[in-house]
Every structure is written in structure tokens, then in C-alpha cells.
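Heavy atoms only: backbone and side chains are in, while hydrogens, waters and symmetry mates are out.
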Amino acid sequence: MERPGGAVLGGVAAPDADADESELTGAGPTAPREGRRPVALPGASQPGPALLRAATTAAVALCLTTVLVHVLLVFLHVAPPNPLSQQYSRQINAWVFPLFEQNWRLFAPDPESVNRQIVARTMHTAPDGSVRVSDWSDLTAVDNAAVRHNPFPSHTAQNMLRRAWSCYLETHGADDLPRTQRALMTQQYLANIAADRVAAHRGGTFESIQLRVVTLPVAAPAADGTRPAAVAPKPVDTRYLPWWKVESHGN
């Protein structure tokens, strides 16, 4: 019986106390150990964190690029005319209108001198060829009802329809023909707003829509500073727009 490094008991050599477990079980080579802690094998990769870092970097770079391009285009839109803004006017207008339009009315307000009543009616062509035209719907009254007595009225009710009509006046003449790409875009924008409002508040099936805009002057206050309730302003202009094709509603 010997015990120099490994004892011999009954003719069988006892395993050395420091022998690796893998040598006892006959398993193949394992990762080298350092202080009894597993160490990654050479060449091993961890794609998860690397891909996450790359995706995060790409997303941040894309957001920063989008913000810089947006700021540049809006700046060129509000800046005085210059060769750069004139050369890329089409791209600037396509980006800014109608969602990012900027003006200086916050600092130099131009109060409305007239009130406008925008009403709409729709037309539906049945499969048998018959045409049905609806009654007029007062879109302005719906917006006014949503704003009145509301401490936090939405931007949609306050400005969307009104600003769409103002843009339409700026881009169209008396014949209502769109002669520029911006004019056509403004016309489609106004038609889509009106169609969505009619579909939401009255329903029905239709494929065409027509607007009528009545312009009313703001009544002057009385001598004592109050507005006379008995005197209603008379319309100074009533404008009928053409029938416009819109996306089919109600089908």
C-alpha cells in the first residue's frame, strides 16, 4: 500500500485528490479553469448584446438625422427667400405642408374679421345607376359645439377645418382649379377632412362630396361695448365648391 501521490488500496490506485473531475469521468476536454470559474473558450462570441448595441446605435442615428432634416426644412420654410429654399421649394413644401406649417401669427396675430360657416353634402350612386344627394351638414357647428364650454378643446375642433379652408383660399382662384401640386394637395386635404367629419357624425354611404362656404362679417359691438343680440350679420359671400371624388365611405 502506497500513498505518495495516489494510494493503492486493494491493488487499485486511488484517485488523486487534485485530479480534475473530467479526467475521472472520461469526458472530453473542457474549458480551462481559472480559480474554479469557467472561462470562455477562445473564439466564442456573444451576438445578443452586440446586435442590441448596433440596433440602438442605428435607431439613435436615424432619429438624430430625421430631427436635423426636419429642423433644416422648417428653417428654410420660414426663412426669407434664398437660392437654397428656391431650388428645393418642392421638397420643402412636400415636407412642411400640411402638418408642419409655420407662421409668425403667434407674435403678430391677425384677428379674424369674418366668420365662415362650412357645410357639406354627399352624393351616392347606387348599383342601378340612381343618384342620391344628402342634405347639408353644418361642419362648423359641430366644431363650435365641441369647443364651447370645453376648458381644454382639441386642436382638431378649433383649427383643422378652419386652417384647411384658409390654405385652400391661398392656393386656389375663383375657378377652384388646382394649378400647382400644393393646390391639389390642399384640395384633397380639405375634401378628406369634410368626408371624415360627415361619415363620423351622420354616416351613410357616399363617394362624392360638395362644400358650401358662407362668409359672415363679425358684427360690430354696440356703443356701450356690448354686441346687440337682435342684429344678425348678413352673409357677404356664399361659395359653392365643385363635387369632389373621395374615398368611398359606408361600404
Side-chain angles (χ1 to χ4, degrees), residues 70 93-103 105-106 109-172 175-178 180-218 232-233 235-251:
H70 172 73
N93 292 335
W95 178 266
V96 171
F97 294 104
L99 299 179
F100 305 116
E101 182 183 3
Q102 304 290 320
N103 54 58
R105 292 180 183 176
L106 175 64
D110 184 15
E112 294 284 351
S113 59
V114 296
N115 292 320
R116 290 187 174 92
Q117 178 191 35
I118 302 177
V119 298
R121 63 179 178 179
T122 60
M123 181 169 59
H124 170 61
T125 303
D128 60 358
S130 60
V131 177
R132 180 172 57 86
V133 178
S134 70
D135 296 330
W136 293 101
S137 298
D138 194 337
L139 306 183
T140 302
V142 173
D143 283 351
N144 292 340
V147 172
R148 190 176 293 113
H149 307 304
N150 187 345
F152 303 104
S154 69
H155 174 76
T156 300
Q158 293 183 90
N159 298 317
M160 179 176 282
L161 184 62
R162 180 178 62 86
R163 291 293 298 130
W165 174 248
S166 298
C167 292
Y168 182 88
L169 289 179
E170 294 173 359
T171 56
H172 287 71
D175 55 3
D176 295 305
L177 294 178
T180 63
Q181 187 65 29
R182 181 189 173 191
L184 179 60
M185 180 184 64
T186 304
Q187 175 180 306
Q188 294 172 348
Y189 181 60
L190 178 61
N192 290 338
I193 292 176
D196 290 342
R197 298 288 179 87
V198 171
H201 293 91
R202 194 184 62 191
T205 303
F206 60 92
E207 305 85 24
S208 302
I209 193 167
Q210 184 186 30
L211 299 184
R212 183 185 70 195
V213 183
V214 180
T215 302
L216 303 169
V218 176
V236 296
D237 180 59
T238 300
R239 183 169 178 175
Y240 289 85
L241 302 186
W243 284 98
W244 292 331
K245 288 287 185 181
V246 294
E247 183 178 354
S248 181
H249 289 70
N251 291 336

Item to check | Between CZ on residue Arg162 and CG on residue Leu139, distance to nearest 0.5 Å | outcome: 15.0 Å
Item to check | Any side-chain heavy-atom pair of Thr156 and Arg197 under 4.5 Å | outcome: yes
Checklist entry - Between Leu211 and Ala120, what is the shortest heavy-atom contact and its length? => result CD2-CB, 3.4 Å
Next on the checklist: Under a 3.5 Å distance rule, please check whether Glu207 uses its side chain to pair with a backbone N or O of Thr125 as donor and acceptor.
Outcome noted: yes
Checklist entry - Taking all atoms of both residues into account, what is the closest heavy-atom pair of Ala183 and Thr171, and its distance? => result CB-O, 3.5 Å
Item to check | Asp175 CG: over 12 foreign heavy atoms closer than 6.0 Å | outcome: yes
Checklist outcome for this item: Residues passing the side-chain contact (heavy atoms from CB on, under 4.5 Å) test with Val133, sequence neighbours excluded, are Arg121, Met123, Val131, Trp243
Checklist outcome for this item: Note: Thr140 and Ile118 closest approach over all heavy atoms is OG1-N, 2.7 Å
Item to check | Heavy-atom pair of closest approach, residues Ser137 and Arg202 | outcome: OG-NH1, 2.6 Å
Checklist entry - From Gln117 CD over to Asp138 CG, what is the distance, rounded to the nearest 0.5 angstrom? => result 4.5 Å
Checklist outcome for this item: Taking every heavy atom of Arg116 against every heavy atom of Val213, the minimum-distance pair comes out as CD-CG1, 4.1 Å
Under 3.5 Å, which donor-acceptor pairs link side chains of residues 185-192 to any protein atom two or more places apart or in another chain?
residue: Thr186; atom: OG1; partner: Arg182; partner atom: O; Å: 2.8
residue: Gln187; atom: OE1; partner: His172; partner atom: NE2; Å: 3.4
residue: Asn192; atom: ND2; partner: Gln188; partner atom: O; Å: 3.1

Next on the checklist: So, taking the atom named CG in Leu177 and the one named CG in Leu184, what distance separates them when rounded to the nearest 0.5 Å?
Outcome noted: 11.5 Å
Item to check | Sequence neighbours excluded - ring pair (Phe, Tyr, Trp, His ring centres under 6.0 Å) pairs with any residue from residues 139-165 | outcome: Trp165-Tyr168
Checklist entry - Hey, are Arg239 and Asp176 close enough for a salt bridge, meaning a charged N less than 4.0 Å from a carboxylate O? => result yes
Item to check | Atom pair CG/CG of Asn159 and Asp143 - distance to nearest 0.5 Å | outcome: 9.5 Å
